[in-house]
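Structure first, then comments.
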Amino acid sequence: MEVMSIICILAGLFFLIVAAIGVIRLPDVFSRSHAVSLTDSLGAFLVLVGVALHEGLSPSMLKIIAVLALLYIQNPVIAHATVRAALRAGLKPWKKEAS
Amino acid sequence: MKIFLLCVLVLLALLIGAYLYRVLQGPTIFDRVLGLNGISTKAILLLIVIGMYFERVEMFVDISTGYALLNLVGALAVAKFLEQRGLP
Amino acid sequence: MTNDSFPSGVRSRPISSQFLILKTTALFVLWILLSASFDWIHLGLGLVLSFTVAWVNSGHSPFVPKFRLWGNILFYLPWLFVKIVQSSLHVSKLILHPSLPIDPRLINVETNLGHHGAVVLLGNSITLTPGTITAEVDRNTLIVHALDEVSEQDVTSKSIESKIAAMFKDEEPDL
């Protein structure tokens, strides 16, 4: 069980690091929001599942699952609100130059 | 296990630094909002891993739940405000 | 602004006892989950508070419980999770590639779902899969920002939409 939780946390950290690299590297708001959604959907899931496996069956594990469900409900809403605000404010998406 | 969790904590703090670079540097205001959103997700994870490190998960999970709810309201308010005001 | 059908102080809709009991139960389960203590003071306080909250806002929305639909949505989530893992691996491959081979584009997606809940579920699913994000929703038309060709195929191939349409085929359209 201990080994499983360590593996889950390490896999989650990999996705978190990739998302941070993406937030620094990508060119504009719209593509950066893809990197942030990568963190929210898979990185947070794997880290929290690792912590829940370490806890075992207990009330705190149920609470961790509740936090996970809350993250999965609220993160698409926030990402959609930010991107819609950017689009309605008249920001043009970055395009690859025709070469 | 303790040392592994300490390494995880340090790594998460460094990742928050990467997002903070985007908040300070971002060309438009939406980049900064996006960076703050990423920071708050990292803060929730950081709180839960701190709870695991001190073996008091049941207390820190409550704090992170409250943080997540406040983050939702704040981010929606900022996005709504920027949408009405337009690009500065 | 006068509104004859909803005079102030009068409920717009009679309270249905079934709905009240259902909402009280849901709130009480949430209370037990968050407090995690089982002595009589906490349980009684939780019961009184959840009944009060359910009674205060019971006249707001025409809410009908649909257990079959909720069960369908619960069985849809694991399929969505497999989709999320696939597209996450694709997006992380794109980000870690040295030459950053992205080609972002905005695409218009026409759906024929005809149901508020179905369109909300579709937009949330598209935003939750990395690589595509819903930028604008107008009734049946979605504007989606996709990171590259493969992510665009995810949306235009309508695999998510056909799955959701199969779940909602028993409901009457309200859009």
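Predicted, not measured: the structure shown is a model, and the values here were computed from it. Note on naming: letters A, B, ... go to the chains in the order of the sequence lines (proteins, then strands), and numbering restarts at 1 for each one.
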query = In terms of heavy-atom contacts, does CG of A:Leu57 have more than 12 from other residues, nucleotides or ligands at under 6.0 Å?
reply = no
query = Contact part of A:Pro76 toward chain C, heavy-atom cut-off under 4.5 Å: side chain, backbone, both or neither?
reply = both
ask   = Taking all atoms of both residues into account, what is the closest heavy-atom pair of A:Ala79 and C:Ile133, and its distance?
value = CB-CD1, 4.0 Å
ask   = Is the gap between the ring centers of A:Phe45 and C:Phe81 under 6.0 Å?
value = yes
Over all atoms of both residues, closest heavy-atom pair of A:Val47 and A:Ile9 = O-CG1, 4.1 Å
query = Given that the side chain runs from C-beta out, which part of C:Leu106 has a heavy atom under 4.5 Å from chain A: side chain, backbone, both or neither?
reply = side chain
Is there any N or O donor on one of chain A and chain C with an acceptor on the other under 3.5 Å, and could you list each such pair with its distance?
residue: A:Arg25; atom: NH1; partner: C:Ile95; partner atom: O; Å: 2.8
residue: A:Arg25; atom: NH1; partner: C:His97; partner atom: O; Å: 3.1
residue: A:Arg25; atom: NH2; partner: C:His97; partner atom: O; Å: 3.4
residue: A:Arg25; atom: NH2; partner: C:Pro98; partner atom: O; Å: 2.8
residue: A:His34; atom: NE2; partner: C:His145; partner atom: ND1; Å: 3.1
residue: A:His80; atom: ND1; partner: C:Thr134; partner atom: O; Å: 2.8
residue: A:Arg88; atom: NE; partner: C:Glu136; partner atom: OE1; Å: 3.4
residue: A:Arg88; atom: NE; partner: C:Glu136; partner atom: OE2; Å: 3.2
residue: A:Arg88; atom: NH2; partner: C:Glu136; partner atom: OE2; Å: 2.6

query = If you take all heavy atoms of C:Val119 and C:Leu142, which pair is closest and at what distance?
reply = CG1-CD1, 4.3 Å
query = A:Leu62 versus chain C, heavy atoms under 4.5 Å apart: side chain, backbone, both or neither?
reply = both
note = Nearest heavy-atom contact between A:Leu26 and A:Ala35 is CD1-CB, 4.2 Å
note = What one should report as the nearest heavy-atom pair of C:Ala146 and C:Ile107 is CB-CD1, 4.5 Å
ask   = Any idea which of C:Pro104, C:Gly123, C:Ala135 has the most non-hydrogen atom pairs under 4.5 angstrom with chain A?
value = C:Ala135
ask   = Do you know which two heavy atoms are closest between C:Phe38 and C:Leu43, and how far apart they sit?
value = O-CD1, 4.1 Å
